[in-house]
Structure formats: C-alpha cells, structure tokens
Number of protein chains: 2
Amino acid sequence: MFSIGDLSRRTGVKVPTIRYYEQMGLISAPERSEGNQRRYEKRDLERLAFIRHGRDLGLSIEAIRDLLELSGHPEKPCGDADRIASEHLADVRDKITKLRKLEHELERIVACDGNHTVGDCYVIRALADHGLCEGEH
Amino acid sequence: MFSIGDLSRRTGVKVPTIRYYEQMGLISAPERSEGNQRRYEKRDLERLAFIRHGRDLGLSIEAIRDLLELSGHPEKPCGDADRIASEHLADVRDKITKLRKLEHELERIVACDGNHTVGDCYVIRALADHGLCEGEH
DNA sequence: CTCCAAACCTATAGTCTCTAGAGCAATATA
DNA sequence: TATATTGCTCTAGAGACTATAGGTTTGGAG
C-alpha cells in the first residue's frame, strides 16, 4: 500500500498531477484509508509508470488512454496498437525533422564569439531577417 | 499601412494570435482607423516576423521578449542573446535524442505483422516496463 | 499516550499559448 | 448601393498541468 506521496516519489509524477490523472479517468480512484487518504497498490504504480513513460515520450493523454485500454485487453489483435503507433510515428518523424533544422540554425547562430555587440549579433539578425534562414519556416 | 489580416497573411501569424500578442505586450497597440480597426506599419511587420520566427524555432514567449529587448539596444554586448540561443540549442538536442529513441521504439512496434495480439505487442510492453528502455527517461 | 510537523484532503483558480465562437461594426468590391 | 468579407470586443475552451487556501490525517519523537 502506497500513499500518494510514495507513488509520486516512485514514479516521478507530481502529487497534484496524480490527482489530475484520476480526475481525467486515466487511473481509477484507489481505495481510501480510514481517514480518506488514497492508498495505492503495485498495479497502480505500474499503470502510472506507463503513463509517465508515455508522457515523457511526448504521447498525448488521449494516445496513452488508447494504449492503456488496449493493454487491458491482451487477447485482442494488436492492429489498433499498431495504428496508434504508426500515427504517432509519423508525428515523431515530423518533429525530429523540424528539430534537426532548428538545431542547425541554432548552431550557426550560437557560433558567435561573444566579443561583439547586439548590433551585429547573428541571433538577432537571424530572427529579424527571413532571408537568412535555410528552411521554409 | 496594413490591416490585421494583411499582417497575418504576410507573417503567417493568425489574426487572433496577433491580438493575443498585443494583449501580452509583445507588440505594442497600433494606430486605429476611423472605424477603430488596427493599422500596422512596416516595423510592426518586422517585429511580428521576428516573433513568428522565434516561435517557429521553439523559443518561449519570454525568450523572445528578452531577445526583442536586446535587439532594441544594439550597443550592448551580445552575450545574452548567445546564451539564450545556446540554452535553447541544448534543449533542442535533448528533445531530438529522446524523440529518436521513441522513433526506434515505434518503428519496432509498427514492424509487427498484425498477426498477433496485444499481449505480445511491443508498444504495450515498452511502455509498461521500465526495464525495456534504452535510456534513462 | 500525546503532540506536532509533515503529508494529505477538497475545491477553486491560475498558467501558457493560443483558438473558437457570438454578436455586431467597418470596409471593399460588384 | 448592396453585399461579402473582414474587423471589433468579449468570453470561453483546450490541454496538461500547477498553485493556493483552509482544513484533516498520519507517523514518529518524546
């Protein structure tokens, strides 16, 4: 039996966030102590770790909800899980592509030596002047 | 003189977002027409393009506010602008790393042939089991 | 056993960065 | 001039939390 604080420490999910997830129906309302405090079991811990993990990876609450639902029915074909994953994969690749471009731009921008003034700073010029970008953003 | 719609089309920033930026103090309230409509000048366009550009690069509103402030004082050393950009670069690299990991996980998931069930699907296992992660997230 | 700090409870409101809608006014075009 | 488009303000909503207020329970020290 874990208190909400234990759960928080073990999963890295903040206490108010755990309560928020309960409210959102991502985790079910746990048993309560005599004094009405939440008391969790090991499987709650696992479920919350699953959620935390998914959020860290950038999955939306909705995506996680779907996956949790699927994981609760191990006998179903995993086509749905695949579909969800594929959709997310496209998204992730898109994000990576954009971030790579951004990385390159920032690298050039940061390459200045700090021995000059804002007037000729690349950061400012790069942001102000569309003509300096490599990409199409 | 541009209307808010012109500005929107030229910068790619949506009309309500422009009004939002005005409200947040990122851009100053422009002159108005006889009929109380916003009328912008070239420098407003440039400022908004700067903001848009920064947002595209994933900079926070606060970071952009700082950079705008800096760009208004071209005589200052540009160390701060560099610092803002560098910090952001570190952040971006971190995100890329995490997303790559996720991409690989998702690829493996999607590679499944759909002929099995959720019970042995990698998505579910990968999310549920911390031990399967490559990294430290 | 008693006391007290720490952790917990609920409920509400705020954050951030927009986005959408209602209802009405101004402007541009045919 | 009639009408379509664009603009105005104000309010609310989304998504995923986070903070605060004011009260209750718990766990450990004395």
Side-chain angles (χ1 to χ4, degrees), chain A residues 1-41 44-45 47-68 87-88 91 95 98 137, chain B residues 1-41 44-45 47-48 50-68 88 91 95 98 137:
Chain A
M1 287 298 204
F2 312 109
S3 72
I4 197 167
D6 292 338
L7 205 64
S8 172
R9 273 181 296 278
R10 281 162 196 263
T11 59
V13 178
K14 286 178 188 158
V15 168
T17 306
I18 296 174
R19 289 195 277 248
Y20 166 74
Y21 287 159
E22 181 183 321
Q23 202 182 309
M24 293 297 99
L26 262 191
I27 56 181
S28 54
E31 286 173 27
R32 299 288 183 125
S33 70
E34 291 271 304
N36 197 38
Q37 297 193 358
R38 289 167 179 81
R39 288 295 174 261
Y40 296 94
E41 291 168 51
D44 298 309
L45 188 99
R47 190 177 173 95
L48 188 57
F50 185 109
I51 295 167
R52 167 76 210 270
H53 206 153
R55 289 295 298 142
D56 272 359
L57 294 177
L59 296 171
S60 72
I61 295 286
E62 275 323 296
I64 292 169
R65 197 195 298 278
D66 290 346
L67 292 172
L68 281 167
E87 282 171 14
H88 199 61
D91 223 62
K95 276 184 194 160
K98 283 190 179 147
H137 54 250
Chain B
M1 288 298 206
F2 312 108
S3 72
I4 197 167
D6 292 338
L7 206 64
S8 172
R9 273 182 296 278
R10 280 161 196 263
T11 60
V13 178
K14 286 179 187 158
V15 168
T17 306
I18 296 173
R19 290 196 275 247
Y20 166 74
Y21 286 159
E22 181 184 322
Q23 202 182 309
M24 293 299 100
L26 262 191
I27 56 181
S28 53
E31 286 173 28
R32 299 288 182 126
S33 70
E34 290 272 305
N36 198 37
Q37 297 193 355
R38 288 167 179 81
R39 290 294 176 262
Y40 296 94
E41 292 168 50
D44 298 310
L45 187 99
R47 192 178 174 95
L48 187 57
F50 187 108
I51 295 167
R52 168 76 210 270
H53 207 154
R55 290 297 297 145
D56 272 0
L57 294 178
L59 295 171
S60 72
I61 294 285
E62 275 322 296
I64 292 169
R65 200 192 295 277
D66 290 347
L67 291 172
L68 280 167
H88 192 57
D91 222 62
K95 274 186 194 157
K98 283 190 177 150
H137 58 250

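Lettering follows sequence order; numbering is per chain, from 1. We use all heavy atoms of the structure for the numbers below, so side chains are in, but hydrogens, waters and symmetry mates are not.
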- Query: Do you know the tightest heavy-atom contact between Arg39(A) and Pro30(A)?
  - Reply: O-CB, 3.5 Å
- When Leu45(B) is tested against each of Phe50(B), Phe2(B), Tyr40(B) for side chain to side chain contact (heavy atoms under 4.5 Å, CB included), which residue passes? Phe2(B)
- Message: Salt bridge check, Glu22(B) against Arg19(B): does any charged N sit closer than 4.0 Å to a carboxylate O?
- Response: no
- Are any of Ser3(B)'s side-chain N or O atoms less than 4.0 Å away from OP1 or OP2 of dG7(D)? yes
Quick test: give all pairs of protein nitrogen or oxygen and nucleotides 28-30 of chain C nitrogen or oxygen below 3.5 Å, distance rounded to 0.1 Å.
none

- Note on the structure: Interatomic distance, OG1@Thr17(B) vs CG@Leu26(B), rounded to 0.5 Å, equals 11.5 Å
- Query: How close or far is atom P of dT25(D) from atom CE of Met1(A), stated in whole angstroms?
  - Reply: 18 Å
- Message: For the CG atom of Asp44(A) and the CZ atom of Arg10(A), what is their distance to the nearest 0.5 Å?
- Response: 12.5 Å
- Message: Nearest whole Å is fine: how far is dT6(D) P from Phe2(B) CZ?
- Response: 17 Å
- Query: Which of residues 14-38 of chain B have a heavy atom under 4.0 Å from DNA chain D?
  - Reply: Arg19(B), Arg32(B), Asn36(B), Gln37(B), Arg38(B)
- Query: Which is it for Leu7(A) and Leu48(A) under the side chain to side chain contact (heavy atoms under 4.5 Å, CB included) test, yes or no, and what are the steps along the way?
  - Reply: CA-CA 8 Å; Leu7(A) 205 64; Leu48(A) 188 57; 3.7 Å; yes
- Query: Between Ile4(A) and Ile18(A), which heavy-atom pair has the shortest distance, and what is it?
  - Reply: O-CD1, 3.8 Å
